[in-house]
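Before any comments, here is the structure.
Computed from a predicted structure; not experimentally measured. Below, each value reflects all heavy atoms present in this structure, side chains not excepted, and no hydrogens, waters or symmetry copies.
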Amino acid sequence: MESSDVELDFQRSVQAVLRELNTPAPALQSNQGMWRWSLHKKVERNPGKSSVLIRILLRELEKAESEDMRHVIIPLLLTLMYVLTKQATGITEDLYHRAYTFCTKLLTLPAPYSTVALDCAIRLKTEAAVPGTLYQRTVIAEQNLMSELYPYQERVFLFVDPELVSPSVCSALLLEIEAAQEQQTPEACMRHVVSHALQTALGDSCHTGALNRKLQASSRRVLEYYFHAVVAAIEQVASEDSPSRLGHLERLEEIYCSLLGPAATRRRCVGDLLQDRLPSIPLPSPSISFHLWTDQEQLWKELVLFLHPRSQLRLSADLEALDLQGFRADWNLARVSTDSGIERDLPLGSDEPPDPCSSEMERASLQRKGGIKKRVWPPDFSMPGSWDGPPGLHRRTGRPSGDGGLLPGVSRVHTARVLVLGDDRMLGRLAQAYYRLRKREAKKFCLTPRLSLQLYYISVLAPQSPNAQDPEASGKPDLGELASFLGRADPWYESTVNTLCPAILKLAQMPPCFDTSRTVDPFILDVITYYVRMGTQPIYFPLYKVKIFTSLSHDPTEDIFLTELQMKTQDSKSPKEGSSPRRKGAPEGTGAELSMCYQKALLSHRPQEVTVSLRATGLVLKAIPAGDPEGISHCTSPKAASAMDYTCLHVTVTEVIKSSNLAGRSFTTATNTFRTSSIQVQSQDQRLLTLCLDKDRRRTFRDVVRFEAGPCPEPCSRAQKSKMSGLNSHGQKTEKNTATLSPLSMPINTFSGIIQ
């Protein structure tokens, strides 16, 4: 294909992506999400023309920035970065400089544009200094190839609830993942790294045909030798303050000569001329493990096994005894003193003074023996809002996320990308597991010092018949509320991820193919890979805790919900309009007499408590608003959410209204809505209530007489609790700390966060 034809083909594909972003409801729903995928496939087939696509994308980005078309900037910028990561061959320094300059211009824009631009600018600077660095680091981390110079490891955990997703969907996804990863052996990945590094550095002078044949014929030991040599050459130059391209090129030329021999480097065979036109070097898909979610502690167990793959520990409730490379599990922040303060109680020999010049004397003057021993934490240490480093928007810097040290001398080299497939009910289970993890870590730090946890979500809903009614009209719950919210908040998420559901259902209907040796070009796996690699900006969703009383004299049951709490009165039917009165002696009306006390959500942050009594048949607390995501509770930073205090529950009450007329009494219903930060509901006429959390029938509570719902506080340790309660170790009251626990939020990664 001629160069002009290739450029026109790329231009048409980019314009198709832009039309999809500019059209709220595309006419061809089946093509949504396909244009970006087909664009990347065209680059893979023509890797030598990647610079042409980079030029087109930069031209469209500069046009969008000048015309203030901000909604297309992040999709185009992420597409550009993905092309640079996969196909960095033939990119000139001028293109790198042009892309870097454009990213620096975006730093003046508000978040999330400035946040994504800063992330891309840092990675562009690294890639421009040493081309091929992003590709090499991505393969090493995702395939868990051991390297001392780059020790980072990543894994994608794909969780599916078999009770919510059909077996055909589960088996289809499993077969596609296995078919793709069957071809991604460690030897093949090391060959890709060596070939990509040499081809990117040497360009046309690289004998790609001879290089590939030599690598294919090399043994595992020889392949590992050259792999570590290439990694060392790139990482050493990338770690320099002023990296030199000339020195980098000389080191790779030495490796190239050692691999092929000096005779092969001076002679270029005519027969290799056609096949040496930059063959495509694939970027392997990340290591994905498929899990059926059947155990409440399954997420915790898989994360522990990821950190300790050779561990023979018994995975049960005693996992808290885990020892992470010298870090003891009993992370108590204080130790009870054995010093009575009486001189005669000191042990023998303790009053003998040491040598005044000794180091022991110096330590003794600064330390009280037998006293309270505290662990030394950083001054600003606290449990982060998520496991991705400091609170706020997560930023990647060319390395896997979470590479910042949380504790002195400890760095996070493991990244767990947890991807859940399902509907709102599956996210409710994820919220429960996330809360249990945070609660464990608040007591005993086992995973937090070593692991960065990233959460992802792909909506998979059950197929509906063509004549199916609207969920609200049919009375069935809408199980895709959170996915719809993410799509409204991030248009690129809507176009790329939310369009996967029809493709997954279509894959499940196809006959299975058990031949794993075939060449795989899967659309679903490619989109999942693109999402977990480029989706680095989280949206924080507050978790809510509910206390459920089945008896006022017993302790309540506590649980967590993310999207919705629904309350109904037991053994009661909704009254019909103008219904006739019941006979004398029957219970008056339907529903239950409820007493509600709630904190009204106000923008002024002033506390306003409201108490009301009414008769109602049902009540719904919704945490996911149905309107425009701008300016609502789910801020792009947990600190901003707590400062603005927009986090609230949207309450809908179905009230029973009694009226009297000449025909007697009649009952009608009316719907009342309000917003609250916390609420308490109690049945007054001995009518029992039924609660359902996150639309999941498995999380139904019956015979409820009272419940309380409000923001779930951040789990804290015993020392933090005693500090906040104003009690010392002897139970005496001290000056109470004014700090309060911030509400716990669960981050779900998208491409841009919330677009304002």
Hey, mind stepping through Met746 and Leu430 against side-chain contact (heavy atoms from CB on, under 4.5 Å) and telling me if it holds? CA-CA 9 Å; Met746 184 177 73; Leu430 177 64; 4.0 Å; yes
For Gln296, is there any backbone N or O sitting under 3.5 Å from a side-chain donor or acceptor partner on Arg436? yes
Hey, mind stepping through Phe541 and Ile624 against side-chain contact (heavy atoms from CB on, under 4.5 Å) and telling me if it holds? CA-CA 9 Å; Phe541 291 88; Ile624 307 297; 3.8 Å; yes
Quick check: closest heavy atoms across Ala483 and Tyr493, and the distance to 0.1 Å? O-CE2, 4.4 Å
For the atom pair CG (Asp424) and CG (Asp478), what is the distance rounded to the nearest 0.5 Å? 7.0 Å
Should the pair Tyr598 and Phe674 be assigned to parallel (<30°), tilted (30 to 60°) or perpendicular (>60°) ring geometry? parallel
Validation row: Leu299, Phe157 side chains within 4.5 angstrom (heavy atoms): no
His650 versus Thr673: any side-chain heavy-atom pair under 4.5 Å? no
Backbone of Leu292 reached by a side-chain donor or acceptor of Gln298 within 3.5 Å: yes
What residue among Thr668, Thr671, Asn672 forms side chain to side chain donor-acceptor pair (under 3.5 Å) with Glu655? Asn672
With side chains defined as the heavy atoms from C-beta onward, is the minimum distance between Leu427 and Thr563 less than 4.5 Å? no
I'd like to know whether Glu163 forms a salt bridge (Lys or Arg N to Asp or Glu O under 4.0 Å) with Arg429, so could you lay out the CA-CA distance, the side-chain angles of the two residues, the decisive distance to 0.1 Å, and finally the verdict. CA-CA 12 Å; Glu163 297 186 22; Arg429 298 198 66 180; 5.8 Å; no
Do the ring planes of His414 and Phe306 sit parallel (below 30°), tilted (30 to 60°) or perpendicular (above 60°)? perpendicular
At their closest point, which heavy atom of Leu594 faces which heavy atom of Ser683, and how far apart are they? CD2-CA, 4.1 Å
Between the main-chain N or O of Asp703 and the side-chain N or O of Gln570, is there a donor-acceptor pair closer than 3.5 Å? yes
Ignoring hydrogens and geometry, is there a side-chain-to-backbone donor-acceptor pair from Asp559 to Val546 under 3.5 Å? no
For Ser459, give me all partners under side chain to side chain donor-acceptor pair (under 3.5 Å), at least two apart in sequence or on another chain. none
If the threshold is 4.0 Å, N to carboxylate O, is there a salt bridge linking Arg698 and Asp161? yes
For Tyr456 and Leu158, indicate whether the former's side chain and the latter's backbone hold a donor-acceptor pair under 3.5 Å. no
If we ignore hydrogens and angles and just use 3.5 Å, is the side chain of Asp423 paired with the main-chain N or O of Gly480 as donor and acceptor? no
Value for CG (Leu621) from CG (Leu619), rounded to nearest 0.5 Å, stands at 5.0 Å
More than 12 heavy atoms from other groups under 6.0 Å of NZ on Lys547: no
Between Glu302 and Arg155, does any side-chain N to carboxylate O distance fall below 4.0 Å? no
Approximate separation, where rounding is to 0.5 Å, of Leu437 CG and Leu451 CG: 9.0 Å
Looking only at atom types and distance, does a side-chain atom of Thr676 sit under 3.5 Å from a main-chain N or O of Leu649, one as donor and one as acceptor? no
Looking at Leu744 and Pro715, what are the two nearest heavy atoms and their distance? CD2-CD, 4.1 Å
So, for Ile657 and Ala670, which heavy atoms are closest and what is the spacing to 0.1 Å? CD1-CB, 3.5 Å
Any side-chain heavy-atom pair from Val620 and Val651 closer than 4.5 angstrom? no
Closest approach of Gly753 to Gln537 (non-hydrogen atoms, all atoms of both residues): N-CB, 3.5 Å
Residues forming a side chain to side chain donor-acceptor pair (under 3.5 Å) with Ser289, sequence neighbours excluded: His291
Begin from the C-alpha positions of Arg706 and Gln680 and carry the test side-chain contact (heavy atoms from CB on, under 4.5 Å) through to its verdict. CA-CA 7 Å; Arg706 183 171 179 261; Gln680 302 176 11; 3.2 Å; yes
Only one of Leu689, Asp685, Thr690 passes side chain to side chain contact (heavy atoms under 4.5 Å, CB included) with Thr569; say which it is. Leu689
For a 4.5 angstrom cut-off between non-hydrogen side-chain atoms, does Pro538 reach Asn749? yes
Are Phe707 and Phe701 near enough that their ring centres are under 6.0 Å apart? no
Go through Phe549 and Glu708 one step at a time and tell me if the side-chain contact (heavy atoms from CB on, under 4.5 Å) criterion holds. CA-CA 9 Å; Phe549 298 82; Glu708 303 173 3; 4.0 Å; yes
Is there a side-chain contact between Val160 and Val460 in this structure, where contact means two heavy atoms from C-beta onward sitting under 4.5 Å apart? no
Looking at every heavy atom in both Ala623 and Tyr544, which two are closest together, and how far apart are they? CB-CE1, 3.5 Å
Just so I know, are the side chains of Ile748 and Leu482 near enough to count as touching, which here means a heavy-atom distance under 4.5 Å? yes
Is a donor on one side and an acceptor on the other found under 3.5 Å between the side chain of Glu441 and the backbone of Leu447? yes
If I take atom CD from residue Glu564 and atom CZ from residue Arg425, how far apart are they, to the nearest 0.5 angstrom? 12.0 Å
Would you mind telling me which of Leu173, Leu419, Val156 makes a side chain to side chain contact (heavy atoms under 4.5 Å, CB included) with Ile288? Val156
Point-to-point distance, once rounded to the nearest 0.5 Å, from CD of Gln566 to CG of Leu693: 10.5 Å
Looking only at atom types and distance, does a side-chain atom of Tyr531 sit under 3.5 Å from a main-chain N or O of Tyr457, one as donor and one as acceptor? yes
Contact check, side chains of Val653 and Met596, non-hydrogen atoms, under 4.5 Å: yes
Verify whether one side chain among Ser678 and Gln599 offers a donor that lies under 3.5 Å from an acceptor in the other. no
Phe159 side, atom CZ; Leu455 side, atom CG - distance, nearest 0.5 Å: 10.5 Å
